[in-house]
Amino acid sequence: MAKATMAPAYDPAAVEQRCYQYWLQGGYFRAGCKVDQETFTIVIPPPNVTGSLHMGHALNNTIQDVLIRWRRMQGYDTLWVPGMDHAGIATQNVVEKHLAEEGISSRDLGREAFVERVWEWKKTYHARITEQLQRLGVSVDWSRERFTLDEGCSRAVRKVFVDLYRRALIYRGDYMINWCPRCHTALSDIEVEHEDESSTLTHIRYPLTDGSGFIIVATTRPESMLGDTGVAVHPGDARYRDLVGRTVILPLMNREIPIVADEYVDPAFGSGAVKVTPAHDPNDLAIAERHNLELITIIGEDARMTKAAGAYAGLDRYACREKVVEDLQALGLVEKIEDYSHALGHCQRCRTVVEPLISRQWFVKMKPLAEPALAAVHKGDISFVPSRFTRVYYNWVENIRDWCISRQLWWGHRIPAWYCSCGEVIVDYAEPAACPGCGGTALEQDPDVLDTWFSSALWPFSTLGWPEETPDLKRYYPTNVLVTAYDIIYFWVARMMFMGIDFMGEVPFHTVYITGLVRDAQGRKMSKSLGNGIDPLEVIAGYGADTLRFTLITGQAPGNDQRFRQENVEAGRNFSNKIWNASRFVLMNLAAGEEAAPDFAPLNPDHLPSDLTRPDRWILHRCAETTAAVTGLLEAYELGEAARLIYEFLWSDFCDWYVEFSKYYLYREGEAAAIELDRRRTRGVLVYVLDTVMRLLHPFMPFISEEIWRHLPHRESALVAAAWPAAPAHLSFPAEAKEMALVQEVIRAVRNLRSQVQLPPGKAAPVILRAPGQASAWLAQERHQIAKLCFAEPLTVERAATKPQQALTAIVSEGVEVYLPLAGVIDLEAETARLQKELAQLEKELRQTEVKLNSPGFLAKAPAAVVAKEETRREEYRARQGKLRERLRELG
RNA sequence: GGGGACGUGGCUCAGGGGGAGAGCGCUUGACUCACAUUCAAGAGGUCGGAGGUUCAAAUCCUCUCGUCCCCACCA
């Protein structure tokens with residue numbers, strides 16, 4: 001399996017497709033193979049079959065994949081259920097638009113033929129989305145894939161509908177609903193999006209019937225006056241007290257309508273009198289119900305005026321508005337027209353202004369379903385990450401209203417209700433043979449379909465086989481975590497909770513991880529109409545799936561929006577390149593010859609070699625530290641932070657330092673047996689660390705890590721199924737970590753001094769280190785590393801080395817003095833100035849520390865560890881101060 | 001009218017009670033045997049403003065200014 005040579009650059013395109021097939025063929029994504037293990041389950045938020053996946057999907061699925069891959073490596077029996085949503089209204093709209101381009105109207109086509117066409121569409125986009133998901137690398141269990149409109153899900157929908165109906169939680173009736181005149185269907189409240197629009201407030205004079213004057217009403221919808229059946233004023237409004245109970249003649253219609261008093265009216269707004277149009281405004285309807293006012297429907301489902309609008313019948317609502325105002329003006333009944341801005345409801349899918357209409361629809365009674373779901377969150381059975389979304393959820397659920405679920409569409413779950421000519425309504429799981437009332441067989445099924453979110457609400461259990469008591473349902477419900485963006489908490493998350501708790505008796509998931517939205521580089525929402533969307537597939541094609549995944553994950557903080565920027569993608573690409581080359585370095589050094597297979601096992605952490613060097617112990621320490629931190633961050637759903645830690649460890653610690661340290665042992669010359677020992681040990685550490693990093697990295701960047709893994713010498717067959725690393729306590733070497741920190745500090749100091757005089761790297765220069773006590777021993781032991789990494793030749797490390805006069809100086813930790821003796825090259829004045837500046841800065845910090853340590857409050861109340869740290873800092877500063885002063889004296 | 005988020009180096013953003021970080025950009029130097037998709041050194045911020053809590057505030061609280069989002073049937 002392992003190969004010695006790796007291409008000089010990582011080519012994602014060559015690796016990814018093959019790698020995904022390798023995982024599929026190995027059956028690694030399939031759940032149920034670890035029957036004795038705890039389960040970890042996620043159901044995918046089913047993408048709509050309307051089109052292709054966007055960046056939000058890429059983020060969302062990457063997060064889920066990270067969690068699933070991580071838990072799988074931890075040994076859980078993981079199940080990630082894939083599937084898609086039929087997306088009723090959205091898909092119907094898209095297909096209709098598509099057909100319209102061919103000159104075909106869905107009405108001409110007829111229901112059956114149209115639905116057939118939508119299934120064809122579904123087939124195409126199902127394949128496309130599947131391809132996209134696979135390209136992204138999702139480790140879903142394809143054998144369990146579901147579709148909201150498949151047989152099982154449909155059975156679940158019917159079961160829930162019928163059962164809720166029988167419990168009187170689903171009812172049918174004539175109520176005011178939101179109607180989209182373009183989609184020609186009812187909508188639920190949350191499918192209506194309110195947007196402020198500039199409009200006008202028209203003040204109209206309604207003549208009193210007795211001819212004694214006018215009452216003025218203000219409206220944003222003058223055309224609706226044609227359906228007015230009353231005028232309302234506030235009962236306490238002195239201006240109108242005498243008018244209550246009298247009548248006005250409705251202009252244009254010449255209908256006599258009453259003036260009523262109602263608390264709803266705000267006397268401070270407009271004229272303080274409201275025209276009442278009960279059939280076209282929910283508030284007016286409420287007023288009408290309180291005062292027994294008539295309902296007159298003057299706007300139809302096509303947003304045109306009905307016959308009841310008399311002379312205006314047939315006019316579009318906006319054309320009618322103009323005409324009504326014109327006619328009123330001609331009659332001298334318009335008092336004034338003011339500019340006015342107010343919120344108008346728009347159809348979520350087509351942006352058309354919705355029309356409130358009274359219509360016969362099906363509804364779900366929500367309160368009884370919502371209460372247990374509210375309690376579940378209060379009790380902590382479900383928690384939101386980040387927790388602030390709990391309040392968003394409460395806010396909606398506490399004020400929940402009944403849900404209009406019927407849609408006048410063709411694409412979706414047909415409502416399981418049949419009507420008999422005798423008036424009987426039959427709601428049942430399957431089509432009834434005959435009417436139980438009259439025995440008639442001429443039954444007609446309700447032509448409407450259900451809101452697409454009705455089936456989505458059942459997703460966590462319908463996908464596991466419900467209503468059958470399947471083994472999957474028993475084993476994997478409830479699921480562990482739901483990952484979704486904040487924009488569908490109401491549409492989906494809350495409703496899943498309602499249905500899950502009600503029908504399963506248990507919450508559908510324990511954690512709801514809320515993501516933000518992926519925006520464009522300017523912070524705008526990515527949208528088709530703006531044309532600013534970035535296709536995830538294009539990024540994958542250009543940079544690889546791992547780069548896309550890493551970019552999205554690191555750009556993300558739970559619940560916060562992120563901007564998708566090209567620069568970040570490039571940073572991700574660079575990281576991929578770094579990973580690849582670090583691995584190449586390790587692999588190249590394992591092989592005995594160019595084509596030979598590597599024969600070095602990684603170091604066994606349970607049997608550490610006794611000759612581990614200080615750099616070895618340091619990198620093992622950092623590796624264990626990183627492993628523990630990454631695991632902790634994943635447990636806290638801090639995926640972005642976890643990925644950043646891996647990045648930092650791999651790039652800064654491993655590549656920038658350890659790989660450089662390792663070169664000394666790999667390439668040094670000397671006695672053969674000793675060299676062989678050095679090399680063997682170093683290779684062991686290199687492989688161990690690389691191996692561990694690949695495991696840590698795998699959930700985030702599965703392709704490149706799997707590909708590198710393929711080249712590593714190991715026994716486990718595939719990284720996807722390898723064990724998540726532990727951070728054993730015996731790999732903790734805090735002392736060596738501290739000692740190496742000093743070595744690094746010294747190297748940095750020398751490099752800094754060299755750059756002061758623009759010494760090019762590679763050009764050797766002498767370095768003298770004066771170090772007290774133990775520090776001197778550590779540095780002496782690492783002299784080869786220091787010499788190599790800062791081109792020190794010769795390097796002197798002594799407790800009391802002779803101080804050179806002509807030298808650049810740096811004072812670092814532990815009282816270590818660093819000298820770069822360069823007789824003749826140094827501008828002593830500049831050097832003195834530089835040191836003085838440094839001293840001034842140091843003394844400033846020293847004073848701050850001393851102020852703290854002189855404060856009785858600090859000494860009495862701060863934790864001992866903090867005080868001790870501050871004391872150490874003071875000693876450190878004082879030591880440096882002394883040495884700097886001394887050096888300045890020497891320089892004169 | 002409610003609710004929430006954000007305001008941190010030039011840009012985009014992490015972080016979050018004990019002397020601030022990253023990526024990109026910028027300056028300087030290097031084609032050093034894994035990588036120029038790189039390496040090394042550096043400049044750059046009183047963490048929006050005011051007050052409070054605390055021994056200690058960028059971090060918690062209150063107010064304030066500014067940006068944005070969600071919910072809401074004032075015509």
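All values reported here derive from a predicted model rather than from experimental measurement. Proteins come first, then strands; the chains are lettered A, B, ... in the order of their sequence lines, and each starts at number 1.
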Separation of atom [atom1] in [X] from atom [atom2] in [N], rounded to whole Å:
| X | N | atom1 | atom2 | answer |
| --- | --- | --- | --- | --- |
| A:Q522 | B:C13 | CD | P | 11 Å |
| A:L344 | B:A72 | CG | P | 15 Å |
| A:L645 | B:G21 | CG | P | 15 Å |
| A:I190 | B:C69 | CD1 | P | 20 Å |
| A:F564 | B:C13 | CZ | C1' | 15 Å |
| A:H234 | B:A75 | NE2 | C1' | 14 Å |
| A:Y647 | B:C13 | OH | P | 18 Å |
| A:R563 | B:C68 | CZ | P | 12 Å |

For [N] and [X] - does any side-chain N or O of the residue sit under 4.0 Å from the phosphate oxygens OP1/OP2?
| X | N | answer |
| --- | --- | --- |
| A:H342 | B:A75 | yes |
| A:R565 | B:U12 | no |
| A:K852 | B:G19 | yes |

Look at all strands and tell whether [X] reaches a base, only sugar-phosphate, or nothing, counting heavy atoms closer than 4.0 Å.
| X | value |
| --- | --- |
| A:V217 | nothing |
| A:R644 | sugar-phosphate |
| A:Y10 | nothing |
| A:N560 | sugar-phosphate |

In whole Å, measure the gap between the [atom1] atoms of [N] and [M] for me.
| N | M | atom1 | answer |
| --- | --- | --- | --- |
| B:C31 | B:G25 | C1' | 23 Å |
| B:U53 | B:C61 | P | 15 Å |
| B:A56 | B:G66 | C1' | 30 Å |
| B:G19 | B:U8 | C1' | 16 Å |
| B:A58 | B:G17 | P | 13 Å |
| B:A20 | B:C35 | P | 37 Å |
| B:G42 | B:C63 | P | 45 Å |
| B:A50 | B:A14 | P | 24 Å |

With [X], which residues qualify under side-chain contact (heavy atoms from CB on, under 4.5 Å), at least two apart?
| X | value |
| --- | --- |
| A:T872 | none |
| A:A545 | A:E16, A:I540, A:F703 |
| A:A186 | A:I177, A:W179, A:Q361, A:C404, A:Q408 |
| A:V15 | A:Y10, A:R18, A:C19, A:E707 |

Candidates [options] - which lies nearest the side chain of [X]:
| X | options | value |
| --- | --- | --- |
| A:P760 | B:C74, B:A30, B:C55 | B:A30 |
| A:P863 | B:C55, B:A75, B:U12 | B:C55 |
| A:Y490 | B:C71, B:C55, B:G23 | B:C71 |
| A:H194 | B:G19, B:C71, B:A72 | B:A72 |
| A:R388 | B:U12, B:G19, B:G4 | B:G4 |

If you find the nucleotide of RNA chain B closest to A:K525 and the one closest to A:D281, which residue's nucleotide is nearer the 5' end?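 It is A:K525 whose nearest nucleotide is closer to the 5' end.
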
Need to verify one output field. Residue with the more 5' nearest nucleotide on RNA chain B, A:Y264 or A:Q562?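 Checking each residue's closest nucleotide, the 5'-ward one belongs to A:Q562.
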
Show me the dot-bracket string of RNA chain B, counting Watson-Crick or G-U pairs under 3.5 Å, with | for pairs to another strand and [ ] for crossing ones. ((((((((.[[[[.)..(..]]]].(((((.......))))).....[[[[[..)....]]]]])))))))....

Using a 4.0 Å heavy-atom cut-off, write out nucleotides 34-41 of chain B from 5' to 3' as B (base contacted by protein), S (sugar-phosphate only) or - (no contact). BB-BSSSS

Side chains of A:K578 and A:S576: any donor to acceptor distance under 3.5 Å?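 The answer is no; no qualifying pair exists.
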
Quick one: do the A:E197 and A:H346 side chains pair a donor with an acceptor below 3.5 Å?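 A donor-acceptor contact under 3.5 Å links the two side chains.
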
Of all residues at least two apart in sequence or in a different chain, which pass the ring-ring contact (aromatic ring centres under 6.0 Å, His included) check with A:Y206?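 With sequence neighbours excluded, A:Y206 shows a ring-ring contact (aromatic ring centres under 6.0 Å, His included) to no residue whatsoever.
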
With A:R874 via salt bridge (Lys or Arg N to Asp or Glu O under 4.0 Å) - residues at least two apart: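 With sequence neighbours excluded, A:R874 shows a salt bridge (Lys or Arg N to Asp or Glu O under 4.0 Å) to no residue whatsoever.
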
Should the pair A:R391 and A:W396 be classed as cation-pi, given the thresholds of under 6.0 Å to the six-membered ring centre and 45° from the axis?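 No, cation not above the ring by the 6.0 Å, 45° rule.
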
Pairs meeting criterion ring pair (Phe, Tyr, Trp, His ring centres under 6.0 Å) with involvement of residues 842-875 of chain A, two or more places apart: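 Checked against ring pair (Phe, Tyr, Trp, His ring centres under 6.0 Å) - neighbours excluded - no pair reaches residues 842-875 of chain A.
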
Could you check whether atom CG of A:D339 has more than 12 heavy atoms from other residues, nucleotides or ligands sitting under 6.0 Å from it?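 No.
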
Qualifying salt bridge (charged side-chain N to carboxylate O under 4.0 Å, His left out) pairs with a residue from residues 557-570 of chain A, counting only residues at least two apart or across chains: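 Listed by first then second residue: A:R519-A:D561, A:R565-A:E567.
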
Show every salt bridge (charged side-chain N to carboxylate O under 4.0 Å, His left out) that has at least one partner inside residues 545-555 of chain A, sequence neighbours left out.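 Output for this query lists A:D65-A:R549.
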
What are the residues of residues 268-278 of chain A, sorted by number, that bring a heavy atom to within less than 4.0 Å of RNA chain B?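 Within this stretch, A:F269, A:V274 sit under 4.0 Å of the strand.
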
If the test is side chain to side chain contact (heavy atoms under 4.5 Å, CB included), which one of A:L808, A:T809, A:L822 qualifies with A:L753?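 Of the listed options, the one satisfying the test is A:L808.
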
